[in-house]
S.K.: 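My questions will all concern the structure given below.
Starting from 1, each residue takes its place in the sequence as its number. This structure is a prediction, so every number in the text was calculated from the model and none was measured.
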Amino acid sequence: MKPYLCIAPDVKLGQDVKLSKFINLYGCEIGDETKIGAFVEIQKNAVVGKRCKISSHTFICEGVNIGDNVFIGHGVMFINDSYPRATVAGGNLQTEADWKVERTVISNGVSIGSGATILSDLTIGENAIVGAGSVVTKDVPPNSIVAGNPARFLRYIEQTAEVPK
């Protein structure tokens with residue numbers, strides 16, 4: 001084990017996974033040949049597929065499922081709660097029993113630009129591109145490009161080369 005890594009015993013790492021320093025992984029699954037940059041946290045019940053690149057300073061929370069061959073730029077943030085609150089009605093701090101994880105699906109071949117925020121309960125379709133700094137608030141169609149805050153459809157990608165499966 002490399003120094004400056006925090007990898008819980010319940011993490012499932014695939015073959016030939018490349019890990020930078022200052023990573024926090026717990027209760028998650030990482031596919032074969034995936035590369036994870038520095039200062040990345042991946043929480044329990046998150047899945048990252050095969051041959052992905054997760055760039056530095058990215059946060060992947062519980063409930064996020066990332067397919068194969070996905071690029072995640074620097075500082076991308078995922079959200080798993082549409083209405084987050086610190087406390088319950090009586091004023092006590094919330095516990096895991098007080099809220100439900102909302103799922104997010106990132107399909108195969110997606111590219112997400114640096115600084116994007118991906119809200120919960122949505123799907124980004126296969127081979128889609130999310131522009132840097134975008135805030136994705138709804139589903140993204142396959143083979144499309146979206147950008148902005150909120151992210152808006154710009155155009156479909158011209159398929160000039162076969163995307164690996």
Side-chain angles (χ1 to χ4, degrees), residues 14 17-20 22-86 94 96 98-165:
V17 171
K18 293 176 181 61
L19 301 174
S20 296
F22 306 108
I23 292 174
N24 187 26
L25 308 177
Y26 54 98
C28 59
E29 184 176 331
I30 312 295
D32 298 343
E33 301 176 38
T34 287
K35 181 179 179 183
I36 300 177
F39 303 104
V40 168
E41 178 169 332
I42 304 176
Q43 294 186 325
K44 68 180 181 180
N45 302 320
V47 176
V48 177
K50 298 175 182 176
R51 295 172 305 283
C52 293
K53 181 177 180 189
I54 311 298
S55 301
S56 69
H57 299 86
T58 289
F59 174 71
I60 301 172
C61 56
E62 180 176 5
V64 174
N65 188 325
I66 296 173
D68 297 336
N69 308 310
V70 171
F71 171 82
I72 306 291
H74 300 281
V76 172
M77 296 292 149
F78 290 86
I79 309 297
N80 64 3
D81 187 351
S82 295
Y83 302 98
R85 296 285 185 250
Q94 274 193 349
E96 287 192 34
D98 296 316
W99 65 285
K100 181 178 180 254
V101 172
E102 295 173 343
R103 303 286 175 197
T104 301
V105 176
I106 309 302
S107 302
N108 295 338
V110 167
S111 290
I112 300 177
S114 294
T117 300
I118 312 300
L119 299 187
S120 60
D121 200 25
L122 57 79
T123 297
I124 298 180
E126 206 166 298
N127 302 316
I129 297 174
V130 175
S134 295
V135 178
V136 179
T137 61
K138 60 185 180 180
D139 289 349
V140 174
N143 303 305
S144 66
I145 300 173
V146 300
N149 182 5
R152 298 188 200 302
F153 173 84
L154 299 178
R155 65 181 172 87
Y156 283 104
I157 299 168
E158 294 179 28
Q159 296 294 330
T160 57
E162 186 175 320
V163 177
K165 297 283 177 193

S.K.: Please check if the side chain of D121 supplies one atom and the backbone of E102 the other of a donor-acceptor pair under 3.5 Å.
M.R.: no
S.K.: Looking only at heavy atoms, what is the nearest atom pair of Y156 and P141, with distance?
M.R.: OH-CB, 4.1 Å
S.K.: S144 and I157: which non-hydrogen atoms are nearest, and at how many Å?
M.R.: O-CD1, 3.9 Å
S.K.: Closer than 3.5 angstrom, by distance alone: can the side chain of N108 be matched with the main-chain N or O of D68 as a donor-acceptor pair?
M.R.: yes
S.K.: Rounded to the nearest 0.5 Å, how far does NZ of K138 lie from CZ of F153?
M.R.: 11.0 Å
S.K.: Taking T58 for the side chain and G73 for the main chain, is one N or O donor matched with an acceptor at less than 3.5 Å?
M.R.: yes
S.K.: Measuring only between side-chain heavy atoms, which start at C-beta, is F71 closer than 4.5 Å to S55?
M.R.: yes
S.K.: Can you tell if the side chain of I42 reaches within under 4.5 Å of the side chain of I36, non-hydrogen atoms only?
M.R.: yes
S.K.: Keeping the roles fixed (side chain from D139, backbone from T123), state whether a donor-acceptor pair exists under 3.5 Å.
M.R.: yes
S.K.: For the backbone of G63 and the side chain of T104, can you confirm whether one donor and one acceptor N or O come within less than 3.5 Å of each other?
M.R.: no
S.K.: Would the distance check show the side chain of E33 and the main-chain N or O of R51 forming a donor-acceptor pair, the cut-off being under 3.5 Å?
M.R.: no
S.K.: Closest approach of A116 and V130, non-hydrogen atoms and distance?
M.R.: CB-CG1, 4.3 Å
S.K.: Considering non-hydrogen atoms only, spot the tightest contact between A38 and S20 and give its length.
M.R.: N-CB, 3.4 Å
S.K.: Identify the two heavy atoms, one from S114 and one from V76, that lie closest to each other, and give their separation to 0.1 Å.
M.R.: CA-CG2, 4.4 Å
